[in-house]
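Would you mind keeping the following structure in view while I ask a few things?
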Amino acid sequence: LPHPLLTLLIVLMWILLSGFSVGSAAFGLLLGVAIPRLTSAYWPDRPRIGSPLTIIEYALIVLWDIVVANFQVAYLILFRRGDDLHSQFVTVPLDLRTPEAITALAGTITMTPGTVSASLSADGRALLVHCLETNDPEQTVAGIKSRYESRLQRIFET
């Protein structure tokens, strides 16, 4: 199997989507084996996962941040006027080098309410992020780097 985790994920998702039965599990297994084999030519450099346990830590932190940010954005929408918002673009210099890690960071920022990844620099060394509310851009950048980027480095680049 060229991508065993992808095979497992496909089988589990197929069973969850179609309901559990022997036929469904068998078809899911067939898909789980066939799809990675048919697409393996398009995955020449598979990303290496350096610290699998950090993935769980990262997921929990992201989920927590999404919940908290939802309340913060709801407060801003309900109780603050548009003139009082301090929205601005901030540039996050990147220490990440792998495309998978940079994509995960940009996706995480976009999934968190109140922030959007707007652009990646041509050399891949900086990410432009729009923040709905920030009084201290340096603190926002430091938070992104410490909460997300450092963990993604441990996951993808160690």
Side-chain angles (χ1 to χ4, degrees), residues 1-20 24-25 28-29 31-33 35-36 39 42-43 45-80 85-121 124-158:
L1 296 173
H3 304 287
L5 292 176
L6 179 60
T7 298
L8 180 64
L9 181 66
I10 290 171
V11 171
L12 289 175
M13 291 306 295
W14 183 261
I15 290 172
L16 288 172
L17 289 171
S18 65
F20 183 77
S24 176
L29 185 60
L31 288 175
V33 171
I35 291 173
T39 61
Y42 304 107
W43 298 38
D45 296 326
R46 198 167 61 183
R48 293 183 329 117
I49 304 297
S51 177
L53 291 178
T54 307
I55 295 172
I56 297 168
E57 176 189 6
Y58 183 76
L60 292 173
I61 287 172
V62 169
L63 287 173
W64 174 256
D65 287 352
I66 288 172
V67 169
V68 170
N70 272 300
F71 286 105
Q72 291 171 337
V73 169
Y75 172 80
L76 291 173
I77 291 170
L78 294 173
F79 301 109
R80 299 269 304 270
L85 291 178
H86 300 105
S87 63
Q88 59 184 333
F89 285 94
V90 296
T91 302
V92 180
L94 298 177
D95 296 324
L96 298 172
R97 294 294 166 243
T98 61
E100 297 83 11
I102 294 170
T103 302
L105 178 63
T108 299
I109 290 169
T110 300
M111 282 190 303
T112 307
T115 55
V116 175
S117 299
S119 180
L120 178 66
S121 66
R125 296 189 180 256
L127 190 63
L128 184 65
V129 176
H130 182 267
C131 301
L132 180 64
E133 172 72 19
T134 182
N135 291 323
D136 187 2
E138 290 83 20
Q139 183 181 3
T140 301
V141 169
I144 290 171
K145 292 185 79 59
S146 67
R147 290 185 71 78
Y148 304 138
E149 188 181 36
S150 64
R151 287 174 177 85
L152 287 171
Q153 277 184 316
R154 284 187 277 158
I155 292 169
F156 288 105
E157 297 180 356
T158 40

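What you see is a predicted model; the values in this text were computed from it and never measured. The first residue of the sequence shown is numbered 1, and numbering continues consecutively from there.
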Next on the checklist: Tell me which pairs pass salt bridge (Lys or Arg N to Asp or Glu O under 4.0 Å) where either residue lies in residues 147-158, with sequence neighbours left out.
Outcome noted: Glu57-Arg151, Glu57-Arg154, Asp65-Arg147, Lys145-Glu149
Checklist entry - What pair of heavy atoms forms the shortest contact from Thr112 to Ala69, and how long is it? => result CG2-CB, 3.7 Å
Next on the checklist: Can you give me the closest heavy-atom contact between Ser117 and Leu127, atom names plus distance?
Outcome noted: OG-CD2, 4.0 Å
Checklist outcome for this item: Sorted by chain and residue number, the side chain to side chain donor-acceptor pair (under 3.5 Å) partners of Ser24 (sequence neighbours excluded) come out as Ser18
Checklist entry - With Phe71, which residues qualify under ring pair (Phe, Tyr, Trp, His ring centres under 6.0 Å), at least two apart? => result none
Checklist entry - Measuring from Ile66:CD1 to Ile61:CD1, what's the distance to the nearest 0.5 Å? => result 12.0 Å
Next on the checklist: I need the full list of ring pair (Phe, Tyr, Trp, His ring centres under 6.0 Å) pairs touching residues 124-149, with sequence neighbours left out, sorted by first then second residue.
Outcome noted: Phe89-His130
Item to check | Nearest heavy atoms of Ala126 and Leu120, plus distance in Å | outcome: O-CD1, 3.3 Å
Checklist entry - Can you name the residues that form a side-chain contact (heavy atoms from CB on, under 4.5 Å) with Ala74, not counting sequence neighbours? => result none
Next on the checklist: Minimum heavy-atom separation for Ala104 and Leu152, please, with both atom names.
Outcome noted: CB-CD2, 3.8 Å
Next on the checklist: Are Pro93 and Val141 packed together at the side-chain level, in the sense that at least one heavy-atom pair is separated by less than 4.5 angstrom?
Outcome noted: yes
Checklist outcome for this item: Residues at least two apart in sequence or cross-chain that pass side chain to side chain donor-acceptor pair (under 3.5 Å) with Thr54, listed by chain then number, are Ser51
Next on the checklist: Give me the atom names and distance for the closest heavy-atom approach of Gly28 to Val11.
Outcome noted: O-CG2, 3.3 Å
Item to check | Heavy-atom neighbours of Leu5 CG exceed 12 at 6.0 Å | outcome: no
Item to check | Residue list, side-chain contact (heavy atoms from CB on, under 4.5 Å) with Pro99, at least two apart or on another chain | outcome: none
Checklist entry - If you look at every heavy atom in Thr7 and Gly32, which pair is closest and at what distance? => result OG1-O, 2.8 Å
Next on the checklist: Please enumerate all residues that pass side chain to side chain donor-acceptor pair (under 3.5 Å) together with Thr103, with sequence neighbours excluded.
Outcome noted: none
Item to check | With sequence neighbours excluded, residues passing salt bridge (Lys or Arg N to Asp or Glu O under 4.0 Å) with Arg125 | outcome: none
Checklist entry - Is the shortest heavy-atom distance from the side chain of Leu105 to the side chain of Leu94 under 4.5 Å? => result yes
Item to check | Between OG on residue Ser150 and CG on residue Leu96, distance to nearest 0.5 Å | outcome: 9.5 Å
Next on the checklist: I'd like to check the side-chain contact (heavy atoms from CB on, under 4.5 Å) partners of Leu9; sequence neighbours left out, ordered by chain and number.
Outcome noted: Met13
Checklist entry - Looking at side-chain heavy atoms only, is the closest gap between Thr134 and His86 below 4.5 Å? => result no
Checklist entry - Got more than 12 heavy atoms from elsewhere within 6.0 Å of CD, Gln88? => result yes
Next on the checklist: Using the salt bridge (Lys or Arg N to Asp or Glu O under 4.0 Å) criterion, which residues pair with Glu100? Sequence neighbours excluded.
Outcome noted: none
Checklist entry - By side-chain contact (heavy atoms from CB on, under 4.5 Å), which residues pair with Leu53, not counting sequence neighbours? => result Ile56
